[in-house]
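Since the model is a prediction, treat every value here as computed from it, not as a measurement. Only this structure's heavy atoms are used, side chains among them; waters, hydrogens and symmetry mates stay out.
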Amino acid sequence: MGTMELNDGNLQTLTEFMRKTLDPDPSVRRPAEKFLESVEGNQNYPILLLTLLEKSQDNVIRVCAAVTFKNYIKRNWRIIEDEPNKISDPDRTTIKANIVNLMLSSPEQIQKQLSDAISIIGREDFPLKWPDLLTEMVTRFQSGDFHIINGVLRTAHSLFKRYRHEFKSNELWLEIKLVLDTFANPLTELFKATIELCQTHATDINALKILFSSLTLISKLFYSLNFQDLPEFFEDNMETWMSNFHNLLTLDNKLLQTDDEEEAGLLELLKSQICDNAALYAQKYDEEFQPYLPRFVTAIWNLLVSTGQEVKYDLLVSNAIQFLASVCERPHYKHLFEDQNTLTSICEKVIVPNMEFRSADEEAFEDNSEEYIRRDLEGSDIDTRRRAACDLVRGLCKFFEGPVTAIFSGYVNSMLGEYAKNPGVNWKHKDAAIYLVTSLASKAQTAKHGITQANELVNLTEFFVNHILTDLKSQNVNEFPVLKADAIKYVMIFRSQLPKEQLLQAVPLLVAHLQAESTVEHTYAAHALERLFTMRGPNNSTLITPAEMAPFTEQLLNNLFKALALPGSSENEYIMKAIMRSFSLLQEAIVSYIPTLIGQLTHKLLLVSKNPSKPHFNHYLFESLCLSIRITCKANTTTVGSFEEALFPVFTEILQNDVQEFVPYVFQVMSLLLEIHTSSIPNSYMALFPHLLQPVLWERTGNIPPLVRLLQAYLEKGGATIASSAADKIPGLLGVFQKLIASKANDHQGFYLMNSIIEHMPTESIVQYRKQIFILLFQRLQSSKTTKFIKSFMVFINLYGVKYGAIALQEIFDSIQPKMFGMVLEKIVIPEVQKVSGPVEKKICAVGITKILTECPAMIDTEYTKLWTPLLQALIGLFELPEDDSIPDDEHFIDIEDTPGYQTAFSQLAFAGKNEHDPIREVTSNPKILLAQSLHKLSTACPGRVPSMLSTSLNAEALQYLQGYLQAASVQLV
């Protein structure tokens with residue numbers, strides 16, 4: 001690790017490069033980002049950033065330094081086993097000693113970044129490695145300065161909010177207990193003091209703004225600290241908290257009302273959080289909360305009835321409705337809702353008004369379609385009024401399905417009647433009616449199948465024919481786009497309920513809607529088609545067959561690609577996913593279209609690679625490329641060359657510009673192409689080979705799986721070519737193996753590579769390296785012997801034995817150290833072989849062990865002979881006993897996916913999948929028969945020896961299995 005001095009020169013350099021990272025021009029921005037990445041491993045780098053954000057004269061640079069610092073912490077703070085620690089210990093200590101003070105004295109924009117950084121560090125180091133963090137924060141409550149107090153509260157909030165979604169565990173409980181002991185009482189005192197200050201300063205608007213933002217943060221902390229379990233402290237102080245919460249819910253301070261219709265004000269934010277807190281207690285701690293429940297129900301009901309339709313109240317209204325929804329489906333609150341008048345009043349005053357499509361929704365539909373789609377399709381609409389109203393309908397239906405359906409059927413009919421009178425003016429009535437039907441009908445929903453359980457009282461098919469189909473069939477796809485989108489969504493949601501003939505009737509209509517101008521409308525059409533194409537029929541084939549799609553195939557492909565050219569949809573992930581799914585469904589029906597389409601896909605790839613911003617879109621784009629290649633080359637392998645011609649120029653550019661997000665994808669597509677080749681490896685690939693061994697490529701975890709696979713394809717297609725024309729690169733190849741084998745996370749990838757080298761490289765080309773390879777493996781065995789490593793090691797040594805013979809295996813072990821071969825058999829193979837998993841892996845081990853037993857003279861007449869029967873017994877166990885999948889307690893690996901930071905984790909392309917490869921298919925298809933034949937051969941070479949070894953020490957059950965193998969092979973032992 002280098003060091004950067006803490007001096008003005010370095011501060012100046014960093015300032016200049018930071019300014020460049022804000023430049024819109026990628027040719028200025030990218031090199032600056034690369035420079036900062038290259039120096040971030042130096043000691044003092046984070047301290048320089050903190051100095052800049054504290055002392056720079058330029059506010060833009062201060063904020064930029066704060067963001068850079070937070071991202072640096074996010075990428076590097078966690079220490080990952082086997083990976084270099086990027087932040088030196090002195091830097092870690094300095095950061096922790098200064099960051100709280102810095103955060104509290106910084107302006108709000110910087111305070112937020114540092115607060116996030118503290119919570120990232122806290123997540124790793126608190127409480128064990130940062131025991132004084134909380135006490136340092138709590139003492140600041142005494143300061144009386146609310147800029148400081150809010151800084152503490154904000155940091156505590158980002159530190160504790162993970163308690164809302166962590167799994168229960170002993171460590172978590174101990175941590176929360178520690179937090180409560182230090183924090184609960186000062187928080188409660190601060191809560192009471194802040195409420196008193198609100199009364200003292202009731203007429204001072206500036207003071208109130210600060211105090212109310214404190215109350216909101218305090219209420220959020222209350223939620224986090226009470227989420228896992230009801231802490232004793234809060235149970236004892238429930239009166240203080242709940243009566244104050246109740247007062248705040250009913251409070252109306254004219255000074256805090258805002259004129260802004262969009263942005264929620266402080267009052268709304270605070271009340272929303274209090275509704276959440278009340279819902280938490282009503283759901284989780286209903287017994288303790290019972291005395292307070294009725295007054296909260298009344299207060300929240302009054303809130304709902306008196307709050308306007310403006311957007312700024314959306315969060316408040318939806319949280320308030322969610323509170324009612326969570327209460328009404330609990331058996332012991334049922335009595336509060338039983339009265340028919342109550343139900344009617346809830347339906348009329350809360351549900352129907354909040355299902356209306358407001359002008360704000362219409363604006364979002366037209367101008368902010370991406371956000372609208374995200375809320376409506378992906379369920380990120382948790383805090384929308386419509387979603388909450390829907391949940392309340394579902395909650396009420398739990399006990400009152402009959403009466404609720406009856407009340408709403410009346411509403412639906414009258415809304416549809418209003419619409420029929422004057423569609424042009426009253427279309428919003430129909431929209432609300434469709435929404436009501438949807439929320440009434442859907443009881444259970446999954447992303448994969450849409451609605452899976454429906455309300456018996458609603459006839460979905462009839463509604464489809466009478467009210468949905470008419471909108472889909474209208475000639476003008478651009479008229480009433482909201483109703484068209486509703487109709488498309490209806491087909492999508494109820495796809496598992498509607499009969500197949502109606503879905504088939506809908507397909508060409510959906511294809512036509514791909515041309516609609518409205519982004520929401522054509523996106524929904526693409527999404528609906530994609531979902532229909534994934535449905536499964538009775539015999540697990542797709543419900544809709546390529547033959548049924550034949551009349552619309554051309555139109556479908558045309559319209560999908562044309563839709564990508566519509567304004568706002570050039571990187572529309574739903575359209576791209578529909579293209580992928582159409583290819584997958586239609587299979588060879590697309591072959592004749594691919595020559596035109598591949599050009600469009602490649603052009604799109606070139607454009608997005610300049611600035612990749614939509615990860616899902618990019619993923620489906622690469623999946624579609626893979627499908628084009630697979631389907632076309634399956635029909636005719638010689639077409640692989642034309643794909644390479646189309647793709648290689650773009651791939652070269654991606655690799656040269658090091659577009660990190662795309663590099664792993666490019667390697668996967670190249671593997672797919674190379675694996676299709678039937679003869680020797682083309683020159684275009686050989687030219688790239690040296691670049692694939694550059695250490696910098698192997699430093700990113702996301703590159704490792706696809707790169708290993710690509711090198712395996714090189715070895716499989718061109719082992720001989722590499723040996724003859726690139727022999728000087730073999731040490732580089734072994735260097736990659738050495739790096740991978742040293743890492744617990746990636747050692748199996750190192751073995752994949754080595755197994756391919758053993759299988760495909762000409763023997764003489766690697767003979768000089770063999771001993772070194774085994775020595776490396778032994779060093780790793782001695783330093784850290786994990787189950788995963790041992791399983792891979794066993795497959796490797798057995799593959800080596802199959803390839804070069806059992807004598808060669810025994811000799812190489814014993815040349816490293818006398819009697820080593822016996823130690824490996826005794827300490828590793830015999831006790832651990834039961835852990836090997838996977839049919840091909842087991843087969844390799846079975847054939848390898850058979851060779852050791854029957855083709856290695858040292859096993860018959862040296863001190864190794866005592867291992868012969870135990871090894872045979874272990875082999876019969878591998879054939880007959882269940883796999884041992886136990887993992888020692890200290891070995892539960894951190895998944896690579898868990899590691900925080902912006903490293904693109906490896907994204908596997910489903911349609912670039914590799915076929916299962918069996919390196920010993922030539923040797924045998926039945927290892928049990930091979931064992932019997934080999935033992936027979938051995939026994940004829942030294943008569944009498946084999947039966948006597950068997951009879952003295954093989955257990956009876958194993959002997960019985962062995963007799964079975966001998967009979968099946970029609971041989972006997974002499």
Side-chain angles (χ1 to χ4, degrees), residues 1-78 86-88 90-122 140 145-148 150-152 154-155 157-159 213 610-613 657-658 660-661 900-903:
M1 178 181 278
T3 303
M4 292 173 83
E5 295 302 322
L6 293 170
N7 58 33
D8 291 346
N10 278 335
L11 287 170
Q12 194 49 44
T13 309
L14 280 182
T15 305
E16 281 162 25
F17 277 103
M18 277 197 186
R19 192 159 281 124
K20 288 180 182 164
T21 62
L22 303 169
D23 196 302
D25 174 0
S27 65
V28 178
R29 187 179 71 241
R30 280 247 167 94
E33 289 167 349
K34 287 265 185 285
F35 169 78
L36 290 178
E37 209 178 302
S38 71
V39 295
E40 73 172 27
N42 288 321
Q43 191 170 333
N44 287 337
Y45 172 76
I47 314 305
L48 286 161
L49 288 178
L50 290 176
T51 313
L52 276 182
L53 72 85
E54 185 183 11
K55 304 210 165 111
S56 171
Q57 298 305 303
D58 180 340
N59 204 29
V60 174
I61 293 297
R62 292 182 68 185
V63 174
C64 183
V67 175
T68 308
F69 176 79
K70 180 194 71 180
N71 290 339
Y72 163 83
I73 294 293
K74 190 169 184 175
R75 272 198 307 274
N76 301 315
W77 192 272
R78 175 184 271 192
K86 297 261 184 63
I87 306 180
S88 69
D91 282 356
R92 286 173 185 268
T93 312
T94 311
I95 290 170
K96 284 192 285 197
N98 295 301
I99 190 165
V100 175
N101 265 334
L102 245 179
M103 183 270 297
L104 295 175
S105 59
S106 296
E108 192 159 333
Q109 225 181 341
I110 293 173
Q111 194 178 64
K112 285 195 164 114
Q113 299 297 332
L114 291 178
S115 170
D116 283 351
I118 292 174
S119 65
I120 295 165
I121 299 173
R140 307 302 166 88
D145 174 344
F146 271 85
H147 175 71
I148 290 180
N150 281 351
V152 172
R154 196 176 293 120
T155 305
H157 171 54
S158 62
L159 202 56
S213 53
K610 302 276 187 272
N611 186 16
S613 54
N657 294 333
D658 189 24
Q660 293 195 14
E661 299 87 332
Y902 296 117
Q903 186 109 38

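- Contact check for His147 versus Leu104: no side-chain heavy atoms found under the 4.5 Å cut-off.
- The CZ atom of Phe69 lies 6.5 Å from the CG atom of Leu114; values are rounded to the nearest 0.5 Å.
- Considering every non-hydrogen atom in both Ser119 and Leu159, the closest pair reads CA-CD1, 3.6 Å.
- In this structure, Asn42 and Thr3 have side chains that are not in contact, with every pair of non-hydrogen atoms separated by 4.5 Å or more.
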Donor-acceptor contacts under 3.5 Å from residues 11-20 side chains, at least two apart:
residue: Thr13; atom: OG1; partner: Gly9; partner atom: O; Å: 2.9
residue: Thr15; atom: OG1; partner: Leu11; partner atom: O; Å: 2.6
residue: Arg19; atom: NH2; partner: Asp58; partner atom: OD2; Å: 2.6

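- Taking 4.5 Å as the limit, some side-chain heavy atom of Pro90 sits within range of a side-chain heavy atom of Gln43.
- Counting heavy atoms from C-beta outward, Arg62 and Pro107 have side chains that approach closer than 4.5 Å.
- Lys86 has its side chain out of reach of Trp77: every pair of non-hydrogen atoms, C-beta onward, lies at least 4.5 Å apart.
- Rounding to the nearest 0.5 angstrom, the gap separating the CG atom in Leu53 from the CG atom in Leu102 is 6.0 Å.
- Thr155 OG1 to Ile118 CD1: the interatomic distance, rounded to the nearest 0.5 Å, is 4.5 Å.
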**Study point:** side-chain contact (heavy atoms from CB on, under 4.5 Å) assessment of Tyr72 paired with Leu36
**Key:** CA-CA 10 Å; Tyr72 163 83; Leu36 290 178; over 6 Å; no
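- With a 4.5 Å cut-off on side-chain heavy atoms, Pro46 and Leu50 do not count as touching.
- Interatomic distance, OG of Ser158 versus NZ of Lys112, reported as 11.5 Å (0.5 Å rounding).
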Can Gln113 and Met103 be said to form a side-chain contact (heavy atoms from CB on, under 4.5 Å), step by step?
CA-CA 8 Å; Gln113 299 297 332; Met103 183 270 297; over 6 Å; no
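- To the nearest 0.5 Å, atoms OG1 (Thr93) and CD1 (Ile87) are separated by 11.0 Å.
- No donor-acceptor distance shorter than 3.5 angstrom exists from the side chain of Asn44 to the backbone of Glu5, with no hydrogens or angles considered.
- Using a 4.5 Å heavy-atom threshold, the side chains of Leu52 and Glu54 count as separate.
- Once rounded to the nearest 0.5 Å, the distance linking OG1 of Thr94 with CD1 of Ile47 reads 4.5 Å.
- Defined by atom type and a distance below 3.5 Å, a donor-acceptor pair is present between the side-chain atoms of Glu40 and Asn76.
- Counted within 6.0 Å of CD on Glu33, heavy atoms from surrounding residues, nucleotides or ligands total more than 12; the atom is thus considered enclosed.
- The main-chain N or O of Thr21 is never found under 3.5 Å from a side-chain atom of Arg29 such that the two would form a donor-acceptor pair.
- Taking 4.5 Å as the limit, some side-chain heavy atom of Leu22 sits within range of a side-chain heavy atom of Cys64.
- Using a 4.0 Å cut-off between charged side-chain N and carboxylate O, Glu108 and Arg154 make a salt bridge.
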